[in-house]
Amino acid sequence: MTVIKSKNNKNTGEKVGEKINGFHKNGFVNHKLVSVDETCIDKNGSIESNQDINNQYKRDENFKESFEQPTLITACLTYLGFYLLMIIGYINQLFFVPKVATEKNRDDYVPLFAAFESFYLRYVYRRVKDCWNRPICSCPADTVTLKDRVTKDYGWTFEFTGTETKCLNLGSYNYLGFAQNKGPCADDAIESIHKYGIATYSPRRELGTNALHTELEKLTAEFLGVEDAIVFGMGFATNALNLPSLLSPGCLVISDEKNHASIILGLRLSGATIKVYKHNNTHHLEKVIQQAIVNGQPNGKPWKKILIILEGVFSMEGSIVKLPEIIEIKKKYGAFIYLDEAHSIGATGNHGRGVCDFYGINPKDVDILMGTFTKSFGSAGGYIGGSKSLISFLRANSHAHCYASSMAPAVTQQILTSMKIIMGLDGTNEGKKRIDQLARNTRYFRKRLAQIGVITYGHEDSPVVPMLVYLFSKIGAVVRTLTKRQIAVVGAGFPATPIMEGRIRFCLSAAHTKEQLDYALQVIDEIGDSLGLKYSRKPRDLNQIEY
Amino acid sequence: MLQTESTPYIFSELYNIIFQAPAYVLFLEFSLLLLVVWIIIHKQSNGEKSLSKEEREEIIRNWKPEPLVTEIDQNHPALVNNHIIDGTVGKYITVDGIKCLNMATHNYLGLEEYPKIKESAINCIQKYGVGSCGPRGFYGTVDVHLELEERLAKFMDQEEAVVYSYAFSTIASAIPAYSKRTDIIFADECVNFAIQKGIDASRSRVVYFKHNDMRDLEKKLIEQHKLDLKNPKKAAKTRRFLVAEGIYVNTGEMCPLRELVELRSKYKLRLFLDETVSFGTIGQHGRGITELLCVDKSEVDLISASLENAVESIGGFCVGSHFIVEHQRLSGLGYCFSASQPPFLTQAAISALDIFENEPKIFNQLNDTAEKVDEQFRYFSKLELRGHPISPVKHLYLKDIDDSDKCEKILRKIADECIKKGLAVAYSEYLPVEKFPPRRSLRITINRLLTEDDITNAFKILEEVSKSVV
């Protein structure tokens with residue numbers, strides 16, 4: 001059995017203001033691993049006691065997670081700006097009949113779409129529509145080539161200009177830089193098309209399993225340090241089509257409020273009762289769990305089982321889950337954990353093996369490890385890892401395993417090759433180099449952003465870096481300005497985030513060089529002044545930041 | 001000055017109001033106040049039991065969860081039947097090292113004859129890599145996605161198409177994008193599992209009608225109409241949808257589209273048609289059931305189909321009018337929140353469409369082959385055939401045996417024995433959570449390249465094996 005003790009650093013409260021539910025509203029949240037008496041996976045996947053990891057955490061004692069809040073004025077302006085957009089939109093709607101398509105031959109039908117939804121899309125979202133769904137025409141590697149398009153009618157329609165713009169890619173989920181059109185991954189993938197064809201045309205349960213699938217399942221289990229694993233052809237479907245078979249009415253799910261849409265869909269399909277806890281707030285989680293056990297089901301019976309669902313790295317918040325504390329809670333109350341590592345597998349931990357690796361936790365302490373191959377592995381699909389009995393259960397009951405087509409051979413091969421590189425099984429240290437490069441890029445970029453004075457959310461070691469711009473219109477302004485300066489980034493606003501928290505998201509990659517990041521930082525610094533993005537009130541570190 | 005003078009005046013005014021009011025008014029107001037206070041207090045304590053700390057801890061200590069999963073029997077077919085496929089899948093398939101005639105996987109059109117598809121996919125990997133590393137909204141839209149969407153819309157003679165990265169998630173995302181909690185869905189009881197999950201996700205009220213039974217459907221629509229007359233306000237806000245498959249993958253039967261369309265307009269329903277099997281297989285140009293039955297495109301609101309069967313790629317798509325389809329780009333969960341289709345699979349689909357457009361004869365050939373199979377496979381002594389003659393998917397059921405467990409065992413044995421003799425047929429797998437568990441069957445798929453000899457040979461093997469096993 002492994003013991004991990006972790007608690008919020010007492011000192012931080014004094015440093016940075018009030019503490020609300022173990023969650024500092026105006027500053028940092030510190031994890032400090034007091035004692036790490038831990039077994040850990042080594043490079044080859046075997047479990048052994050690892051002194052390295054202890055040292056690692058001693059070095060990293062003060063790693064931080066930050067959710068700095070803006071001033072009241074910014075908050076008011078943000079709401080005001082949003083309402084202004086809405087009012088202008090309503091006026092616009094009164095005077096101008098849009099030239100959008102209408103439904104034909106369906107007279108006297110109940111309208112297909114809700115009125116507010118149509119309004120929002122046409123008169124609010126349309127103004128910034130050009131910031132999303134941008135077509136690309138190259139491999140989404142460290143740089144990406146955008147297909148230029150213009151709109152001559154304020155976002156109703158777009159036309160391609162025929163030109164292309166090469167941009168620094170801070171938008172794609174290419175954490176370890178495996179999105180490559182050359183090199184061993186691409187070569188092996190092409191070879192697999194020669195050998196196995198394009199697809200399998202059958203679900204896994206029928207005649208859709210080939211040697212690549214079984215090899216990948218074995219390798220994934222070894223990579224994760226669990227007994228067995230099962231893989232699926234789509235990451236989204238891994239959540240949406242497996243959660244329903246694991247849960248039933250009478251089960252309770254306690255879900256982080258920032259969980260991904262696929263989890264929410266899976267839970268909705270399962271018929272289980274869902275309770276939500278505040279984002280990454282273990283105190284609130286414990287309160288919810290206690291309350292739930294005491295109250296039982298609405299019909300008076302006790303809950304059948306309780307499943308805590310969370311993500312390793314949250315894709316919109318950039319935070320890393322407080323796994324050690326949550327494992328303590330799980331053990332105390334007899335709940336189970338479902339950990340979605342879509343953004344953390346490959347991207348966190350010394351060996352790229354996700355948040356368990358990051359904290360030095362035995363992966364067997366997490367009941368269900370789920371993740372996707374889209375991001376760090378540069379491919380597609382998802383996996384679930386865990387005990388033998390769990391995986392056998394899924395082989396018999398998973399919706400995706402029984403009905404959906406199995407993974408395409410080239411997609412499978414890409415994962416196999418990239419995973420072997422990460423694990424060092426290719427005989428080089430290429431994988432380790434990529435992992436270290438990503439970690440270095442992440443720390444450097446986040447520190448430099450803090451120095452510039454913008455507000456970023458999340459954990460120091462998370463390669464997902466959301467930069468808060470608050471105002472809805474600033475999302476559009478920043479994305480457009482950065483594109484002009486040849487940097488591709490992702491913007492997110494209402495309804496993907498709360499109205500208050502419009503943000504720009506940077507996704508770092510091992511493929512980025514220091515020069516590329518420096519260029520991006522220089523541009524952000526410049527536009528930070530002209531667009532007013534430097535909201536942070538924290539003291540700035542004026543020293544040169546080492547790469 | 002003013003304040004000191006007016007204050008006592010206000011008090012005397014209040015005094016007058018209270019004491020000159022009739023007693024019943026005061027009583028009423030007082031009881032209202034009490035009610036408000038009671039509601040506030042009650043709301044706070046709602047859902048919480050008033051227990052002491054010890055009692056709470058006692059309950060928490062005593063709560064014992066069920067295990068995470070029930071233990072699965074090691075002899076469960078899903079764990080035992082691990083057929084491994086080797087090499088490419090085409091007219092022949094290598095199962096566990098045995099080369100078999102392929103009547104089990106869904107590559108109906110035999111596109112292995114066109115090496116161009118593979119070449120274009122390989123070129124695509126050399127340009128874009130394997131994965132797209134992002135959802136469509138966030139730099140995951142590659143130019144080939146736009147090309148495929150345009151081509152699909154053109155091919156189907158529709159205004160717009162959206163491509164999903166997984167066929168299962170296509171219709172399962174499309175239905176909840178339109179149908180909401182207060183709406184009603186009428187669906188055939190044999191719809192495939194993806195549609196069932198889409199309906200579940202929408203949380204709409206669902207009415208299942210008997211398989212392809214238009215009288216039953218109309219009966220249910222009339223019932224609903226009577227309900228609507230009772231509550232016209234609610235009816236004015238309830239959207240109604242009709243969901244059917246072109247060719248049902250679970251039965252091989254074709255839907256009576258013309259009758260469905262008639263009922264659709266009579267009862268003001270919107271019709272969603274899933275052409276998972278019928279797209280690229282029937283109709284003169286392979287456009288599916290609307291082409292085959294000459295139904296105008298405006299009669300069907302949304303068509304969804306799979307790229308995993310006839311097109312021999314991975315993914316799915318929806319086509320329809322701009323008004324309807326565009327909505328999915330922000331509301332189709334599987335579209336917005338999933339990584340986009342790997343570009344090389346998109347390119348493979350585009351190349352397949354090239355062939356569809358240039359050589360429409362392949363659809364006729366497939367239909368002919370299907371009919372030939374249909375003629376021969378009607379004469380098994382122990383098995384009965386179900387499915388439309390030109391459907392590329394047909395089912396074989398055991399004659400005279402009703403017990404589904406027994407059927408399952410026998411059919412699995414037949415499938416395994418056939419593989420040993422060089423014929424791949426699939427026992428069609430269903431989960432126990434199906435809404436209406438389909439009758440146990442062997443699923444036969446038809447490949448365009450099957451010759452008459454192949455069919456006769458397959459018939460002989462199946463007849464021989466089924467005779468010996470039953």
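Just so it is clear: chains get the letters A, B, ... in the order the sequence lines come, proteins before strands, and each one is counted from 1. Everything numeric in this text was worked out from a predicted model, so none of it was measured.
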When you look at B:E434 and B:Q196, which way does the side chain to side chain donor-acceptor pair (under 3.5 Å) test go after all the steps? CA-CA 8 Å; B:E434 286 265 359; B:Q196 292 171 29; 2.9 Å; yes
Quick one: does any side-chain atom of A:T145 pair with a main-chain N or O of A:S138 as donor and acceptor, under 3.5 Å? no
Is it the backbone or the side chain of A:P244 that comes under 4.5 Å from a heavy atom of chain B, or both, or neither? neither
Check whether B:S169 gets within reach of chain A through its side chain, its backbone, both or neither, counting any heavy atom under 4.5 Å. side chain
Checking B:R443 against chain A: side chain, backbone, both or neither under 4.5 Å from a heavy atom? side chain
Does any backbone or side-chain atom of A:F377 lie under 4.5 Å from a heavy atom of chain B? Answer side chain, backbone, both or neither. neither
Contacting moiety of B:R270, where chain A heavy atoms sit under 4.5 Å: both
So which of B:N102, B:I93, B:I125, B:T238 has the biggest tally of heavy-atom pairs under 4.5 Å with chain A? B:I125
Please confirm whether A:K147 makes a cation-pi placement over A:F160, using NZ or CZ under 6.0 Å from the six-membered ring centre and within 45° of the ring normal. yes
B:L333 versus chain A, heavy atoms under 4.5 Å apart: side chain, backbone, both or neither? both
Under 4.5 Å heavy-atom distance to chain A, tell me which part of B:T445 shows up: side chain, backbone, both or neither. neither
For A:Q413, is it the side chain, the backbone, both, or neither that has a heavy atom closer than 4.5 Å to a heavy atom of chain B? neither
Quick one: what part of B:E429 sits under 4.5 Å from any heavy atom of chain A, side chain, backbone, both or neither? both
Before accepting this row, confirm whether a basic side-chain N of the pair B:D200/B:K197 lies closer than 4.0 Å to the acidic partner's carboxylate O. yes
What part of B:F241 is in contact with chain A, defined as an atom under 4.5 angstrom from a non-hydrogen atom: side chain, backbone, both or neither? side chain
Taking side chain as everything from C-beta outward and backbone as N, CA, C, O, which of these in A:D187 sits under 4.5 Å from a heavy atom of chain B? Side chain, backbone, both or neither. neither
So which part of A:T372 gets closer than 4.5 Å to some heavy atom of chain B, the side chain, the backbone, both or neither? neither
